[in-house]
Amino acid sequence: MADAERGGGPTAVFGTAADPATARLHATRLGLWLIAGILAIRQVAVVLSTPRGSRLTDLETWVGPDGVLHVKGSLYESTQFTGTPFGGLVLKPLTRAAEQALGWGWTFGTLLLVVALGLITARALPDPVGRRTSLLAAPVAISLLMLSLPVRNALWLGQTSIIPVLLVLLGCFVVRGQRAGGALIGLAAALQPTVLLFAPLLWFTRRRQAAVSTAVTFAACTALAWAAMPRDSFTYWVHHMAGVGLGGRADALANQSLHGALLRLGLTGPLEIGLFLLLGAAVAVLGLRRAVRYARDGQLLLAVAITGCAAIAVSPTTWQHQLLWVLLAVVGRVGRRASDRYVWPVAVILVMTLSANMMLPHIAALNPLRDNIVLLAALAAATAVPFLSRTSEHYASRVPTEYAPPVPARFRRVPPLPFLRRVLTRPNLFLELLLIRVTYAAYQQVRLAATGGSISGGRARAEQHGHEILSLERFLHLDIEHAVNHAVVKIGWLRNFFDFYYESFHFVVPLTVLGVLCWRRPVDYRWARTALGFATVLALVGFWLYPLAPPRLMPTLGIIDTVHGVQDFSQPDYGTLTSLTNQYAAMPSLHFGWSLWCGVAIAVVAPKWWMKALGLLHPLFTVSAIVATGNHWVLDAVGGAIVVGAGFGLTYLLSGPRAVAAPAAPERQPTAEPALR
């Protein structure tokens with residue numbers, strides 16, 4: 001009985017699963033492992049379902065029947081083989097086995113390497129590690145790796161770039177004994193020379209036997225390759241300068257190194273080489289100093305990630321499949337506030353899983369950022385991001401989040417998610433802008449995918465739906481599009497006003513409302529932003545299920561397109577503008593939906609009646625513009641109103657009524673709340 005009392009009661013004695021928190025944790029863990037398994041199966045299926053010749057192209061080029069590794073001459077007679085001479089020496093004996101199982105064996109072997117990498121990464125997390133983190137870290141790490149662009153690229157091309165990363169992690173966290181660990185890292189450096197940066201990291205963190213072992217192993221492997229293939233070794237180390245002339249043009253967007261970035265900026269010749277060496281040395285020194293500091297702080301995994309990010313920058317060529325080091329930097333903790341803690345990991349995950357076009361819009365001034373976005377992330381991790389030390393008071397505890405007092409709901413079971421409480425503090429602006437951009441890019445992709453990836457792909461179906469909408473409007477006596485369009489065309493100033501309103505205010509007004517709310521009314525910003533997000537998602541479902549031709553793209557109606565000009569219906573895409581986005585994403589109308597959202601938000605939040613009235617004029621002008629210019633049916637506006645209403649309704653349902661800011665309380669010292677681990 002005494003044991004039972006100390007253990008917390010009979011439940012602890014008999015071990016029954018009476019603790020609902022434990023049950024939820026195990027269910028979450030099972031779900032995450034299921035997601036990781038599904039992602040792994042999907043990656044394998046994508047590779048193996050691709051026709052031979054379009055998959056594992058790099059591997060086929062190396063070890064196929066006519067591959068580079070079968071050639072008796074130099075491996076580097078072309079730029080198709082991008083590995084070191086030692087890598088070629090290791091792969092040559094595998095050519096016959098690889099030919100027999102070029103797809104299945106290599107793909108599943110790579111998959112096992114990714115799983116091992118995720119398990120080691122989860123094991124290497126710095127202390128203190130909570131029970132929840134220890135249970136959930138492995139499936140989360142494997143899922144992120146499966147989604148990352150480097151792993152997807154390596155699986156698709158049949159690359160070996162996962163092996164050096166895995167060897168370094170094995171040498172740092174798994175293998176016992178400094179000499180053995182250093183040997184593994186030296187072997188990785190023989191396959192990817194910039195991994196030699198780990199030797200000074202080991203030396204300055206008092207693992208000098210490991211550092212010496214790394215250098216000796218690298219020298220031995222390189223010398224062995226030089227003795228076996230002297231011509232190839234001379235070509236690689238002297239003529240190609242450690243691979244700079246291999247794998248395509250060094251100024252290609254796929255080369256995310258300082259050398260590639262300088263070439264893309266137009267620098268060439270001795271000036272570019274000198275600047276690259278100078279910047280590379282600065283990044284290497286600064287990155288190693290930071291890595292040593294965090295390794296001594298007990299964050300060895302973060303130190304490894306920082307060193308790897310420095311290696312990315314200083315390498316002459318760093319192709320997409322060699323960028324896994326950046327993803328490892330997600331383990332670093334940044335920020336004092338709870339809302340700031342998510343900025344760095346979210347940014348890293350987005351950069352490593354999405355294309356650069358989804359991160360930044362197509363604006364000429366942003367081209368240098370978009371073209372080098374992974375390099376910039378690596379440079380930030382290596383030299384600039386202020387990761388917290390474990391000695392910081394905010395490492396394990398964050399400045400607590402302030403919540404508004406709950407507002408009673410009209411319905412007994414609202415909200416079903418009570419933990420979604422209204423936050424009083426302003427959200428992190430960088431994270432908000434990043435998520436807004438990514439969400440809008442996904443919105444554009446879904447719009448286009450709704451017609452099979454092309455504008456003309458869904459033309460017949462969209463026009464059929466257009467006739468259905470017109471018939472319904474005639475039945476309801478709402479078919480005013482032709483009359484309004486032709487009436488407005490005859491009045492020049494009115495036509496110009498509606499054209500300008502249609503083109504100019506669709507994005508400006510919602511972004512302005514979001515910006516003002518974020519700055520002046522952060523609580524209302526979260527409420528309004530959530531409702532807008534729900535409305536947009538519901539609209540995407542409508543675009544996907546019901547592609548609809550707007551009146552201006554119905555050939556027999558005689559609607560005049562006042563905004564885009566006369567459309568040539570003999571062309572499948574109806575001219576240049578309509579080939580840019582899915583013009584059949586008309587139902588529901590987000591032109592009207594977003595304007596209605598603006599009107600509702602202003603009417604609810606604005607303090608003066610004239611502000612409310614001015615806000616409600618925006619949806620009135622918008623619905624007039626979309627009908628007058630021939631861009632939407634009247635029922636499209638009805639659909640837009642429905643999804644906006646559903647957006648506000650879902651926000652109310654899931655998180656309760658709109659909260660108001662709490663009255664000012666006496667100043668008190670902030671207390672830290674435990675970090676959710």
Side-chain angles (χ1 to χ4, degrees), residues 125-126 128-130 132-133 136-137 140 144 290 293-294 297-299 301-303 305-306 309 326-354 359-360 369 373 376-404 419-439 514-530 533 655 659 661-662 665 667-677:
L125 291 176
V129 177
R132 183 171 67 174
T133 299
L136 305 183
V140 170
L144 290 178
R290 283 163 51 87
R293 184 168 72 249
Y294 287 113
D297 184 55
Q299 301 185 67
L301 181 57
L302 178 59
I306 290 174
C309 289
V326 180
L327 187 60
L328 296 182
V330 76
V331 300
R333 299 187 184 183
V334 185
R336 299 170 53 193
R337 299 189 308 163
S339 59
D340 296 337
R341 188 64 61 86
Y342 300 103
V343 175
W344 173 248
V346 169
V348 170
I349 291 171
L350 291 179
V351 166
M352 297 306 296
T353 56
L354 302 178
M359 301 294 297
L360 293 170
L369 296 178
I373 190 167
L376 293 174
L379 289 174
T383 64
V385 177
F387 298 112
L388 293 174
S389 168
R390 293 202 320 162
T391 59
S392 170
E393 60 177 323
H394 301 294
Y395 182 83
S397 301
R398 298 165 288 187
V399 175
T401 302
E402 297 182 30
Y403 296 99
F419 56 85
L420 293 178
R421 295 178 289 170
R422 303 289 189 196
V423 179
L424 289 175
T425 54
R426 185 175 294 110
N428 185 283
L429 181 59
F430 176 79
L431 184 59
E432 290 294 307
L433 293 176
L434 188 62
L435 293 178
I436 288 174
R437 168 58 197 168
V438 171
T439 301
L514 286 172
V516 172
L517 290 178
C518 183
W519 181 251
R520 301 295 299 272
R521 306 286 291 270
V523 181
D524 290 320
Y525 167 80
R526 295 175 185 273
W527 161 76
R529 176 251 283 149
T530 304
S655 56
E667 291 188 3
R668 57 183 178 87
Q669 294 294 330
T671 57
E673 67 178 10
L676 295 178
R677 296 271 313 181

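Heads up: numbering here begins at 1 and tracks the sequence. Bear in mind that the values here come from a model prediction, so they are computed numbers and not experimental data.
- Separation of atoms CG (L388) and OH (Y294) is listed at 7.5 Å; rounding is to 0.5 Å.
- When the shell of 6.0 Å around CZ of R337 is examined, it contains more than 12 heavy atoms from other residues, nucleotides or ligands.
- Put simply, CG on L328 and CG on L144 are 10.5 Å apart, with the number rounded to the nearest 0.5 Å.
- Without hydrogens or angle criteria, W344 side chain to F387 main chain gives no donor-acceptor distance under 3.5 Å.
- Listed for the R290 side chain is a donor-acceptor partner under 3.5 Å among the backbone atoms of A382.
- When atom types are taken as modelled, the side chain of Q299 and the backbone of V331 share no donor-acceptor pair closer than 3.5 angstrom.
- To the nearest 0.5 Å, atoms SG (C309) and CG (L327) are separated by 9.5 Å.
- Side-chain contact check for L435 versus V346: some heavy-atom pair is nearer than 4.5 Å.
- L429 contributes atom CG, which lies 9.0 Å from atom CH2 of W519 (distance to the nearest 0.5 angstrom).
- Atom-to-atom distance recorded for L354:CG and R437:CZ is 10.5 Å, nearest 0.5 angstrom.
- The two residues R341 and H394 make their nearest non-hydrogen contact at NH2-O, 2.7 Å.
- Between V334 and V343, the closest side-chain pair of non-hydrogen atoms is not below 4.5 Å.
- Atom-to-atom distance recorded for L302:CG and D297:CG is 9.0 Å, nearest 0.5 angstrom.
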